[in-house]
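Below is one structure, written out as structure tokens; the observations come after it.
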Amino acid sequence: MSMIEMKQVYKKFGDNEVLKDISLSIPAHQVVAVIGPSGSGKSTFLRCINGLETITEGSISVNGHEIHANTSPKALKKEIHAIRQETGMVFQQFNLYPHKTVAENVMEALLVVKKMSNEPAYQIASSLLAKVGLAEKENAYPSQLSGGQQQRVAIARALAMEPKLMLFDEPTSALDPELVGEVLKVMKSLAEDGMTMVIVTHEMKFAEEVADRILFMADGFIVEDAEPQAFFKNPQTERAQKFLQKVSEF
Amino acid sequence: MSMIEMKQVYKKFGDNEVLKDISLSIPAHQVVAVIGPSGSGKSTFLRCINGLETITEGSISVNGHEIHANTSPKALKKEIHAIRQETGMVFQQFNLYPHKTVAENVMEALLVVKKMSNEPAYQIASSLLAKVGLAEKENAYPSQLSGGQQQRVAIARALAMEPKLMLFDEPTSALDPELVGEVLKVMKSLAEDGMTMVIVTHEMKFAEEVADRILFMADGFIVEDAEPQAFFKNPQTERAQKFLQKVSEF
Amino acid sequence: GGNDNANQTEEQPSNALEQIQEEGTMTVGIMGTYAPYNFMDKNKEYVGFDVDIAKELAERLDVEAEFVAQDFSGLIPGLQKDKFDILVSQVTITEDRQKQIDFTEPYITNEVKVIVTESNNDIQSVEDFKGRTIGAVMGTNDEAFLRNVLMPEVGKFKLNTYDDVITTLKDLDAGRIDATINNVYALKPIVEENGYKVKAVGEPVKSDQAAVAVKKGNTELVEALNAALNEMKQDGTYEEIFVKWFDEAPPTE
Amino acid sequence: MQIVIENLPFLLRGAYYTLLITVVSMFFGLIIGLLTAIARIRGNRVLRSIARGYVSIIRGTPPLVQIVIVYYGLVDYGIEFGPLTAAYIALSINIGAYVSEAFRGAIESVPKGQVEAALATGMTERQAMRRIIVPQAVRYAIPPLGNTFVGMLKETSLVSVIAVTELMRSAELLISQYYVYMPFYLAIAAMYWMMSTMFTFALHRVEKRLSVY
Amino acid sequence: MQIVIENLPFLLRGAYYTLLITVVSMFFGLIIGLLTAIARIRGNRVLRSIARGYVSIIRGTPPLVQIVIVYYGLVDYGIEFGPLTAAYIALSINIGAYVSEAFRGAIESVPKGQVEAALATGMTERQAMRRIIVPQAVRYAIPPLGNTFVGMLKETSLVSVIAVTELMRSAELLISQYYVYMPFYLAIAAMYWMMSTMFTFALHRVEKRLSVY
Ligand SMILES: Nc1ncnc2c1ncn2[C@@H]1O[C@H](COP(=O)(O)OP(=O)(O)OP(=O)(O)O)[C@@H](O)[C@H]1O
Ligand SMILES: Nc1ncnc2c1ncn2[C@@H]1O[C@H](COP(=O)(O)OP(=O)(O)OP(=O)(O)O)[C@@H](O)[C@H]1O
Ligand SMILES: [Mg+2]
Ligand SMILES: [Mg+2]
């Protein structure tokens, strides 16, 4: 069964058509990298998957939970809630809760959404923080961490809900170049563990190495959908060629 | 005569020593790239040159205007003012004036500092905007421009005062990867025109290609000071080796 | 104010009286919200017992009366800082006040009685106040009297204070307070207008004497005003004004 | 000076009522204001209009009139309060409108990414509001709330219209008794100033403590 | 209702004074407040302390006392004003303190990079302030200034203590004439509300226009 199934998805903001006729299927355990110029709709694509944006036309199904453009608000709420339970998301700006410690950030959804009690939630948080290499930062506040550390906490926070799908929106582009590596390393190990992942990124080398599949977006369309090797060596469209050339210019 | 001359410069923020024993001389027309890990003092180094930070010990002279750590406040003000007249600076966050159009941004200092009248100031702005490829954006507001366009306006604004020295603090790191190239191109052409430039950057390829000299900073020290070829092929210190490896990891 | 250029004139008149007469106007401070003594009528002019008295006084001093109405709290500093020449606004004579300002002879004696609802027969006099809730207009002598004199005498009662008589009576009518004491003259028009079912009971609790207030030390002015008051009482003008506002003859002294 | 000292207990009693009314009204005003702010931001169309109307009317009309209506106007409908209760009710409603604006501004200054992060982990809008947004907003709201509180300290003087002798009225009573005003006005000015300074200082400490993160 | 309509001209005259005093005091208050804000942010130690003291004392003490002091208290020093002038002076000084806080907040919310960019092009601190910071701050300051203005609209009622018949006082004069208060209170509440709504609306448009960029 495929993890994500999109059929003729359109998304408008007012008159501005941002996603156009998106249809695709992403099987479980696949790692998909989404690349493309700024404003092409990459973030919107990602945010439609977990319902942070509602689609204007078409349908999306995530692990069997299906949203149509015309689903009733009540049913929509239920489906989106179900999808979010099984989906983790990591943002460019980390978005850690500044008023909570690192451990509390990871525990929060467990306490509130899963209604766990403190002790088991802490156990989970603790082991996830160890996994991302931050065991000793449990009691720090986000403001006391470097960007790379913050982003790793954000990943641990998303993993706490045991998602079947992880969405990443430019998770390294707010980081100092030297710190990018530590976050990519964590993501790579997730990929190796078989997590289904959709990653919007500008790190071409990472995409080439880690992804099973590249989606190249431009102007709201998915212009190319190919294996990394094929895409980077031999982009089919002029738009993609121009993009790859610009990005590698210096 | 050297454009910048630093002698045993120290800078403290409270107890935190951020610049340590910096001595160097930068001749006119040299292009210097400053690289190093986050928090190593690169921005502070740059900001001390045009007096946005005051040094705690030592002396800096820029094109003959000299500042000592113990210069009296009044004399300091005068010297810094003189230095700033001859120095342009471009910031990571562009810092364009949001309430002024593109042309007004470039004209502002001419009107206020040089007391020019509108017409000649506009002529200068106009030709500089043409130079950075933004002739047709004169009347736009910064918020209507892409990041790359904004940064080019910022460069034009700095050039308006006809500086003898340009300082750049990570001018491309807030930009979308696809837009980085257009800014670097403008900087490269400045370098080719013989402008003296000090550039804090994480664009290693750009540094290697354009700079005459690399300063590698770590922990407040200038750890290496070398020609690009030599530095990138053969870093002398372990710290620089580790840094270069991390940055090129993916 | 009445004396705006008092400090600047080169040949300063030797006293307030001369000065008023030189200017030809006498500035009279009133609250302007205290019917039937001083208030604004439908033509937006100040009228009332106090206003008529003041006009009559002015006429006898051969000057014009000019009325300035403002909140009670502004009247006192206004008099002391020469913004007014006199206050004719039911200022009652007390020892404390006599230390700060001068008074003429009293021009009216207000009897204060216990006021209760018509159906109330439990309260006949102030002796019955103990343990009840009593209302009064704040800042008035009535309030000070209730608090400082009566309370120690008859035993503790709850004192609610109000901005004006209307609201006091409204609360009495609504049963929030058991009784109030009030100047009977002041009460009458309000009760009639609003149809409150209240009545005055028993002997007067006390009587207050109101006088014209003058800045301390203006002896000549006080004397002139006293003379004028006397004249008014002699020639019947005073009685005329009294009957006009209270529908009854002034009590004989 | 002498007179002020003699009458200090009386003035202090006034100050006590001023403080009492301010604190109680602020307490309920905070609750009303928070709910109103949430209604304006997250409510449906009807709730939003009600909340907006409430804020507009309350902020647009004089508190004196509000107090009078609560105390006297409602009697006609058989609703009756004691003076202190009426003061609490009227001023809580009044403060609530200002507080709601302070909270609304504060909630809107919490970065949007915070809600999104919470929603993405599966929280409902309500849970995100309660656990993530409001706790952060409280800190942003402290400076404007401080202003509201300090303003209320002085606005309480209006309740003298319904038979509560707070600080300002105490002074006026003394003034009409002694016929001197300056010492009393200066004395209560000093007292108001001390109260607001103490309060501002306390708030400052709370703000500092909240910004450990 | 009838009586309200009959007395509308009188009430409108009161409203006129309320508006006049508010607008004039706001105008001077803006100037005082802006200067104070700049003194607090850029002034030397002495200026900063003076500015802080001014704000603390004015915001901490009742405006009624301030009005009384300006009108009556200064007479002892040979300084005498007419009632309207005194009202303008006292309320301008009062508003100035609030305005300065609004501006200070606004100036501090202009990103630090803006000054640095201006300084780097060779402007002096003063030039950067005047040309770059203040114009941007004005926009941030509009919402809190709106609050101050609307608050002042109602606070003007205090000037009735110095013989200015503004809106509130007009109502009180009518109440003591007719012995009914509710219609008058409701009428002036409506008038205050209309004035503040009109003003809020106008300000909103200014804010919109300022945010073209
Ligand atoms: N909430 C919104 N309201 C209106 N327009 C929006 C909104 N979010 C995005 N857009 C518009 O949709 C288009 C696509 O935006 P999106 O953020 O998806 O692009 P992107 O590919 O993620 O770009 P970037 O690489 O800069 O993040 C843009 O034109 C953007 O202006
Ligand atoms: N205004 C300041 N007050 C106190 N400490 C400061 C200030 N500015 C910088 N620092 C400290 O000085 C050190 C060096 O900062 P600086 O910004 O110069 O580093 P950098 O090399 O530019 O780093 P980055 O690559 O992250 O921009 C850091 O530890 C920083 O926390
Ligand atoms: Mg995006
Ligand atoms: Mg830096």
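Throughout, a chain's letter reflects where its sequence line sits, starting with A, and its residues are numbered from 1. Model, not experiment: these values are computed from the prediction.
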Taking the side chain from A:Asn95 and the backbone from D:Ala117, do they hold a donor-acceptor pair closer than 3.5 Å? no
Let's test your reading of the structure: which of A:Met161, A:Met89, A:Glu108 forms the most heavy-atom pairs below 4.5 Å with chain D? A:Glu108
At their closest point, which heavy atom of D:Gln127 faces which heavy atom of A:Val113, and how far apart are they? OE1-CG2, 4.3 Å
Taking atom CG of A:Leu159 and atom OG1 of D:Thr121, what is their separation to the nearest 0.5 Å? 12.5 Å
D:Phe10 atom CZ, neighbour heavy-atom count above 12 within 6.0 Å: yes
If one checks every heavy atom of A:Tyr97 against chain D at 4.5 Å, the contacting part turns out to be both
Identify the heavy atoms of A:His81 and D:Gly122 that sit nearest to each other, and give their distance. CE1-O, 2.9 Å
Using a 4.5 Å cut-off on heavy atoms from C-beta on, say whether the side chain of A:Lys100 contacts that of D:Arg131. yes
Would one find more than 12 heavy atoms of other residues, nucleotides or ligands at under 6.0 Å from atom CZ of A:Phe13? yes
Are D:Glu116 and A:Arg47 side-chain neighbours, meaning at least one heavy-atom pair lies under 4.5 Å? yes
Does atom CZ of D:Phe28 have more than 12 heavy-atom neighbours from other groups under 6.0 Å away? no
Could you give the distance from CD (D:Gln114) to CD (A:Gln93), rounded to the nearest 0.5 Å? 11.0 Å
Please classify the contact of A:Leu96 with chain D as side chain, backbone, both or neither, using a heavy-atom distance under 4.5 Å. backbone
When every non-hydrogen atom of A:His99 is compared with those of D:Ile132, the smallest separation belongs to CE1-O, 3.7 Å
Check whether any side-chain heavy atom of A:Arg84 sits under 4.5 Å from a side-chain heavy atom of D:Met123, and report yes or no. no
Can you confirm whether A:Glu162 is buried at CD, in the sense that more than 12 heavy atoms of other residues, nucleotides or ligands lie under 6.0 Å from that atom? no
Closest-packed option against chain A by number of heavy-atom pairs under 4.5 Å, given D:Thr124, D:Leu119, D:Val110: D:Leu119
